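Worth saying up front: this structure is predicted, and the values here are computed from it rather than measured.
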Amino acid sequence: MIAFNEFFEIEPTDPGLKSALHSEHLKLSRMKAERQTYWRLGPASQPAGFIGVEQYGAVAVLRSILVTPDYKDQGYGAGLISLAAGKLRHAGVREIWAVTESAKSFFEHLGWKVRDDGDVPEPVRHLPIPDGTDAEGGIYMSTQLA
């Protein structure tokens, strides 16, 4: 069992992150380097998962969340989002957005809301989803940070 206090900021060049994203057919290449932050849950030798965001002032975009196979369906995805939200709140973020094609029910379970295209702030519009395709056809979702 990985403790949730084992949450580390990492570089996008982290070999474990790159390997995990590759195994899930996800990409790093379209993220804006100056705005991106990644974290790893667990030790480098056996991470439970990774999460990456882009920050635009008081708005952040969840760009990737990945739970490694040994830790799926054990609450680590929700834990990753909660830990990242705490870090983002501390950095002045008030709202987190995601674009998803397949994780709508996961985000809804965490209290995120489906948003209309007209509600989407400019930094979030037309962002590629993590598999490298653009957000058109994806579902926009967001959550407020208190």
Non-hydrogen side-chain atoms of [X] and [Y] separated by less than 4.5 Å:
| X | Y | value |
| --- | --- | --- |
| Gln55 | Thr37 | no |
| Tyr38 | Ser64 | yes |
| Tyr76 | Leu41 | yes |
| Trp97 | Val53 | no |
| Val61 | Arg35 | no |
| Phe7 | Leu80 | yes |
| Asp117 | Tyr140 | yes |
| Met141 | Thr100 | yes |

Looking at every heavy atom in both [X] and [Y], which two are closest together, and how far apart are they?
| X | Y | value |
| --- | --- | --- |
| Val59 | Pro121 | CG1-CG, 4.2 Å |
| Ala60 | Leu88 | CB-CD1, 4.0 Å |
| Ala84 | Trp39 | CB-CZ3, 3.8 Å |
| Ala78 | Leu110 | CB-CD2, 3.6 Å |
| Gly57 | Val93 | O-CG2, 3.8 Å |
| Val114 | Glu108 | CG2-OE2, 3.8 Å |

Shared hydrophobic cluster, Tyr71 / Phe8 (ILVMFWY, side-chain heavy atoms < 4.5 Å):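 No; Phe8 is not reachable from Tyr71 via cluster members.
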Straight-line distance of Ile96 CD1 to Ile81 CD1, nearest 0.5 Å: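 Separation between the atoms: 8.0 Å.
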Pairwise distance OG(Ser82) to CD1(Ile51) - rounded to 0.5 angstrom: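 Separation between the atoms: 9.5 Å.
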Sequence neighbours excluded - salt bridge (charged side-chain N to carboxylate O under 4.0 Å, His left out) pairs with any residue from residues 73-100: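 Found Glu95-Arg115.
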Qualifying salt bridge (charged side-chain N to carboxylate O under 4.0 Å, His left out) pairs with a residue from residues 37-53, counting only residues at least two apart or across chains: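 Sorted result for residues 37-53: Asp14-Arg40.
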Qualifying residues under salt bridge (charged side-chain N to carboxylate O under 4.0 Å, His left out), relative to Glu24, sequence neighbours excluded: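 By the salt bridge (charged side-chain N to carboxylate O under 4.0 Å, His left out) rule, Glu24 matches no residue at all.
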Flag, side chain of Ser23 to backbone of Ala20, donor-acceptor distance under 3.5 Å: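 Checking the backbone N and O of Ala20 against the side chain of Ser23, a donor-acceptor pair under 3.5 Å is found.
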CD (Glu9) with more than 12 external heavy atoms under 6.0 Å: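 For Glu9, atom CD is crowded (more than 12 foreign heavy atoms under 6.0 Å).
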Over 12 non-hydrogen atoms of neighbours within 6.0 angstrom of NZ in Lys72: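 Enclosed.
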Mutual orientation of the aromatic rings belonging to Trp112 and Phe107 [parallel < 30°, tilted 30-60°, perpendicular > 60°]: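 Trp112 and Phe107: tilted rings.
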